[in-house]
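A short worksheet on the structure shown next.
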Amino acid sequence: MTVSLVYETHSPTLDNEAGFATGWLPGELSPTGLRKAAELGERRRGERLDLVVSSDLRRAVQTARIAFGGAGVEHRTDPRLREINYGELNGMPVARLEAERLGRVDVPFPGGESYRQVVARTADLLEELAAMQDGRRVLLVAHAANRYALAVLLAGADLAAQVTAPFTWQPGWAYALPSGWLRPPS
């Protein structure tokens, strides 16, 4: 058996729309983000969802609560689904982030973490889900760095290519997480 895993990005924030990379700051959904969170719930209505797990950062929690709050599906928050910690650069302009990304695959942001560290904490969560949610459908609401991590861990993508690729929104990403999955050796 497997865990049917669906990943969705949190909805747009005031920071996103103003050109800032929020990182570990809480963030706040914009009016567009509030609408998109409701649309996420509408888009997924009628699908079997056994569990929703979101980052514990406010923007992801808001997205999950608006989308699935009245759907009768359990919602948990998990700090392992947080965006990358930009450390001293949390809240930096996106232009600065774009210039920093490739150099931060293995080298942490000052006072923060690297993309490889996000992959490791995402892998911790996946191992837990593979052990405890077998046969269930789990939807994750998280951030860009977790999307990169899922592509690396479950689709064999190259992390450097992921962090430098332009973002193209889509209505969710689907993965099969095998029962008993363990992270690949590094």
Side-chain angles (χ1 to χ4, degrees), residues 7-34 36-37 40 52-67 75-129 139-170 172-173 183-186:
Y7 166 83
E8 292 275 359
T9 60
H10 68 77
S11 293
T13 66
L14 296 169
D15 282 350
N16 296 146
E17 292 176 359
F20 294 100
T22 313
W24 274 23
L25 300 175
E28 183 74 32
L29 295 186
S30 68
T32 299
L34 295 170
K36 294 234 180 240
L40 168 59
V52 172
V53 183
S54 74
S55 159
D56 63 344
L57 294 173
R58 180 172 52 209
R59 58 201 185 266
V61 173
Q62 282 182 300
T63 299
R65 285 189 178 152
I66 291 167
H75 172 222
R76 297 180 193 163
T77 61
D78 195 306
R80 293 173 291 186
L81 285 176
R82 283 186 176 192
E83 178 60 281
I84 188 170
N85 183 358
Y86 302 128
E88 297 165 17
L89 300 177
N90 282 318
M92 74 181 117
V94 169
R96 170 104 188 248
L97 172 60
E98 296 298 329
E100 294 270 348
R101 271 193 178 134
L102 185 57
R104 300 301 175 180
V105 169
D106 292 300
V107 177
F109 282 90
E113 63 185 337
S114 71
Y115 285 101
R116 191 88 51 206
Q117 289 171 298
V118 176
V119 171
R121 66 177 156 82
T122 303
D124 287 343
L125 175 65
L126 293 180
E127 286 180 345
E128 182 179 300
L129 291 173
L139 187 137
L140 306 176
V141 178
H143 310 273
N146 311 104
R147 183 173 49 83
Y148 308 149
L150 290 169
V152 168
L153 293 165
L154 299 178
D158 176 73
L159 184 56
Q162 288 295 303
V163 303
T164 57
F167 174 70
T168 304
W169 183 87
Q170 66 182 53
W173 287 256
R183 76 187 75 213
S186 46

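Atoms considered below: every heavy atom in the structure, side chains included; atoms not considered: hydrogens, waters and symmetry mates.
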Does [X] reach the main-chain N or O of [Y] with its side chain, forming a donor-acceptor pair under 3.5 Å?
| X | Y | result |
| --- | --- | --- |
| Arg121 | Arg82 | yes |
| Arg58 | Glu28 | no |
| Glu113 | Ile84 | no |
| Glu127 | Asp124 | no |
| Asn90 | Trp24 | yes |
| Arg183 | Ala120 | yes |

Looking at every heavy atom in both [X] and [Y], which two are closest together, and how far apart are they?
| X | Y | result |
| --- | --- | --- |
| Gly91 | Phe20 | O-CD2, 3.3 Å |
| Gly33 | Leu29 | O-CD1, 4.0 Å |
| Leu102 | Ala160 | CD1-CB, 3.8 Å |
| Tyr86 | Ala21 | CE1-CB, 3.7 Å |
| Ala142 | Leu81 | CB-O, 3.7 Å |
| Arg104 | Pro110 | NH2-CD, 3.9 Å |

Practice task
Start with the C-alpha distance between Asn146 and Leu140, add both sets of side-chain angles, then the distance that settles side chain to side chain contact (heavy atoms under 4.5 Å, CB included), and finish with yes or no.
Solution key: CA-CA 10 Å; Asn146 311 104; Leu140 306 176; over 6 Å; no
Handout entry: Which residues share a side chain to side chain contact (heavy atoms under 4.5 Å, CB included) with Arg76, sequence neighbours left out
Key =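 Here the qualifying residues are Leu51, Glu74, Gln133.
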Side chains of [X] and [Y]: closer than 4.5 Å at any heavy-atom pair?
| X | Y | answer |
| --- | --- | --- |
| Arg101 | Tyr115 | yes |
| Trp173 | Thr9 | yes |
| Asp56 | Pro26 | no |
| Ser11 | Gln62 | no |
| His143 | Ser54 | no |

If I take atom [atom1] from residue [X] and atom [atom2] from residue [Y], how far apart are they, to the nearest 0.5 angstrom?
| X | Y | atom1 | atom2 | value |
| --- | --- | --- | --- | --- |
| Arg116 | Leu159 | CZ | CG | 5.0 Å |
| Leu40 | Ile66 | CG | CD1 | 10.0 Å |
| Leu129 | Thr122 | CG | OG1 | 10.5 Å |

Practice task
Walk me through it: do Phe109 and Leu97 pass the test side chain to side chain contact (heavy atoms under 4.5 Å, CB included)?
Solution key: CA-CA 10 Å; Phe109 282 90; Leu97 172 60; 3.9 Å; yes
Practice task
Could you check Arg59 against Glu83 for salt bridge (Lys or Arg N to Asp or Glu O under 4.0 Å), going step by step and ending with a plain yes or no?
Solution key: CA-CA 11 Å; Arg59 58 201 185 266; Glu83 178 60 281; 5.0 Å; no
Exercise for the section: Check the pair Trp169, Lys36 against side chain to side chain contact (heavy atoms under 4.5 Å, CB included), reporting the backbone distance first and the verdict last. Expected result: CA-CA 12 Å; Trp169 183 87; Lys36 294 234 180 240; over 6 Å; no
Handout entry: Donor-acceptor pair between His10 and Ser55 side chains, under 3.5 angstrom
Key =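 Short answer, no.
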Handout entry: Leu126/Leu150 under side chain to side chain contact (heavy atoms under 4.5 Å, CB included): CA gap, chis, key distance, verdict
Key = CA-CA 9 Å; Leu126 293 180; Leu150 290 169; 3.9 Å; yes
